[in-house]
Protein chains: 4
Amino acid sequence: MAADGGFAAGHLRAFIERIERLEEEKRALGEDLKQVYAEAKSTGFTPKVMRQVVRLRKMDTAERQEQEALLRVYLDALGESVAAAAE
Amino acid sequence: MAADGGFAAGHLRAFIERIERLEEEKRALGEDLKQVYAEAKSTGFTPKVMRQVVRLRKMDTAERQEQEALLRVYLDALGESVAAAAE
Amino acid sequence: MAADGGFAAGHLRAFIERIERLEEEKRALGEDLKQVYAEAKSTGFTPKVMRQVVRLRKMDTAERQEQEALLRVYLDALGESVAAAAE
Amino acid sequence: MAADGGFAAGHLRAFIERIERLEEEKRALGEDLKQVYAEAKSTGFTPKVMRQVVRLRKMDTAERQEQEALLRVYLDALGESVAAAAE
DNA sequence: TCGCCTGATAGTTGCC
DNA sequence: GGCAACTATCAGGCGA
């Protein structure tokens, strides 16, 4: 692997740098997102609920319903817990 | 602070050791929890939904309803998104 | 799953209760920790620095493990290369 | 909030759309990263080790910052002690 | 390919 | 009331 006299090393360096560049861009987008949520919050919206909205829009409807159905089954199975949860 | 000839140092050491012991116990309980979820999973339950159940039982009912209400307001505000989410 | 006449429900309940018990114990330990820090603070120590000390001691331990992990990664990589070369 | 006849709704929609756009870009960068690793792998490198390299380079950077933070903590602690002694 | 497990991200809580 | 640390959840990568 090192027997190619540094040829591979140059490739490796190139890969690493591409990776680090991409990760930096990703990080920057994360900052932007944080910024948008902060801005929305200062406008009076609730980031936590906004995240829920985004998550729901992203989530496949069938999948979401399936999960809700399973949750209901579990709560039903717990009997009085359901009552406690719903009271 | 160090001028008391190590008296405080002894106290500090005692505090640090109590802390580390408590943290170790906490960590161990975390392991136990993971274990229980794994066992439940192997029995056919869905850990993710179980966590939801635990969260709901813990969460104050009023608070939960409030959050759901706000979510609905947001989805309503988005109009056709609601339709997409509910379809 | 619910068609077994509550058999699974009993299991589910048992799991949930074990989980809630463990989480309660964890929470209690968290309280204890807070208590210790408060006590130390009232004795004149600085919680922030104590936390740093604990963190550093943990890191010292973790670092050794990190080194071992790194070594393993490199050995594994070498092993794979050997294997690749030997294929 | 919804009583303003959709004014806030328009804002909400704008925020949500900005968020979804940013998340899409982030996701795309994630794809790119995966691509680069795959390409490197097909060139004969070991993704696992490459990730380790990237991680270590990141840590080298972070470590310097960590040291500076620690120094500040200690200086702060000393300052507080001085203040406490001077009170 | 599936399950596990670690690393990344979001939420909560305590501190200032 | 905002900020920072910590915790819990989730997704992606790795190994079997």
Side-chain angles (χ1 to χ4, degrees), chain A residues 19 22-23 26-27 29-34 36-38 41-42 46-55 58-59 63 67, chain B residues 19 22-23 26-27 29-31 33-39 41-42 44 46-56 58-60 63-64 67, chain C residues 19 22-23 26-27 29-38 40-41 46-52 54-55 58 62 65-66 69-70 72-73 76-77 79-80 83, chain D residues 19 22-23 26-27 29-38 40-41 46-52 54-56 58-59 62 66 69 72-73 76 80:
Chain A
I19 288 164
L22 289 169
E23 290 199 341
K26 243 182 114 178
R27 196 200 56 73
L29 286 174
E31 292 291 305
D32 290 350
L33 272 167
K34 207 163 73 173
V36 174
Y37 277 112
K41 181 176 184 177
S42 74
T46 309
K48 183 177 175 181
V49 178
M50 291 179 70
R51 288 178 191 278
Q52 281 187 73
V53 169
V54 171
R55 197 184 315 129
K58 182 165 42 183
M59 196 190 279
E63 185 181 356
Q67 189 162 311
Chain B
I19 288 165
L22 288 169
E23 290 199 341
K26 246 183 111 177
R27 196 200 56 74
L29 285 174
E31 293 290 306
L33 271 168
K34 208 163 74 172
Q35 203 61 26
V36 174
Y37 277 113
E39 189 183 336
K41 181 177 184 177
S42 74
T46 308
K48 184 176 176 180
V49 178
M50 292 179 69
R51 288 178 191 277
Q52 280 187 74
V53 169
V54 171
R55 196 185 316 128
L56 287 173
K58 183 164 41 181
M59 196 190 280
D60 179 75
E63 186 182 355
R64 184 165 75 252
Q67 188 162 309
Chain C
I19 287 164
L22 289 169
E23 290 199 341
K26 245 182 111 178
R27 195 200 57 73
L29 286 174
E31 293 290 304
D32 290 349
L33 272 167
K34 205 164 73 174
Q35 202 63 24
V36 174
Y37 276 114
K41 182 176 184 177
T46 309
K48 185 179 175 182
V49 177
M50 293 179 67
R51 288 179 190 278
Q52 196 79 17
V54 171
R55 189 177 165 216
K58 211 183 319 185
Q65 294 175 345
E66 171 75 10
L70 180 59
R72 174 169 294 272
V73 166
D76 283 355
E80 285 173 35
Chain D
I19 287 164
L22 288 170
E23 290 200 340
K26 246 183 109 179
R27 197 201 55 73
L29 285 174
E31 293 291 304
D32 290 349
L33 272 168
K34 207 161 73 173
Q35 202 62 25
V36 174
Y37 277 112
K41 181 175 185 179
T46 309
K48 185 178 177 182
V49 176
M50 293 179 68
R51 288 178 189 278
Q52 196 79 18
V54 171
R55 188 178 166 216
L56 286 173
K58 211 184 319 188
M59 279 174 57
E66 171 74 11
R72 175 169 294 271
V73 167
D76 283 354
E80 285 171 34

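Proteins get letters first, then strands, A, B, ... in listed order; numbering begins at 1 in each. Excluded from the calculations below are hydrogen atoms, water molecules and symmetry mates; all remaining heavy atoms, backbone and side chain alike, are included. Note that the structure is a prediction, hence the values are computed from the model and not measured.
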Euclidean distance, atom CE of residue A/Met50 to atom P of E/dA10 [Å, nearest integer]:
13 Å
Side-chain contact check for C/Lys34: nearest option of E/dG11, F/dC6, E/dG14 is E/dG14
When A/Leu33 and C/Lys41 are each assigned the nearest nucleotide of DNA chain E, the 5'-most assignment goes to A/Leu33
Can you tell me how far apart CD (D/Gln52) and CZ (C/Arg72) are? Round to the nearest 0.5 Å.
12.5 Å
For A/Met59 and F/dT9, what is the distance between atoms CE and P respectively, to the nearest whole Å?
15 Å
Calculate the interatomic distance between A/Gln52 atom CD and F/dT9 atom P; express it in whole Å.
15 Å
Rounded at 0.5 Å granularity, tell me how far CD in D/Glu23 sits from NZ in A/Lys58.
4.5 Å
Rounded distance in Å - CZ (C/Arg27) to P (F/dA8):
12 Å
Whole Å only: how far is the CD1 atom of A/Ile19 from the P atom of F/dG13?
12 Å
Once rounded to the nearest 0.5 Å, what's the spacing between atom CG of C/Leu70 and atom CZ of D/Arg55?
9.0 Å
Interatomic distance, A/Glu31 atom CD to A/Lys26 atom NZ [nearest 0.5 angstrom]
14.0 Å
Tell me whether the OP1 or OP2 atom of F/dA8 has a side-chain N or O from B/Arg51 closer than 4.0 Å.
no
Would you kindly give the CD-to-P distance between C/Glu31 and F/dC6, to the nearest whole Å?
16 Å
Looking at every strand, decide which applies to B/Lys26 at a 4.0 Å heavy-atom threshold: base, sugar-phosphate, or nothing.
sugar-phosphate
For D/Lys48, which contact category applies under a 4.0 Å heavy-atom criterion: base, sugar-phosphate, or nothing?
sugar-phosphate
Starting at atom CD of D/Glu23, determine the distance to atom P of E/dT9, rounded to an integer number of angstrom.
11 Å
More 5' along DNA chain F: B/Tyr37 or C/Arg55, using each one's nearest nucleotide?
C/Arg55
Shortest non-hydrogen contact from B/Pro47 to B/Lys41?
CG-CB, 3.7 Å
What is the distance from NZ of A/Lys58 to C1' of F/dA11, rounded to the nearest Å?
10 Å
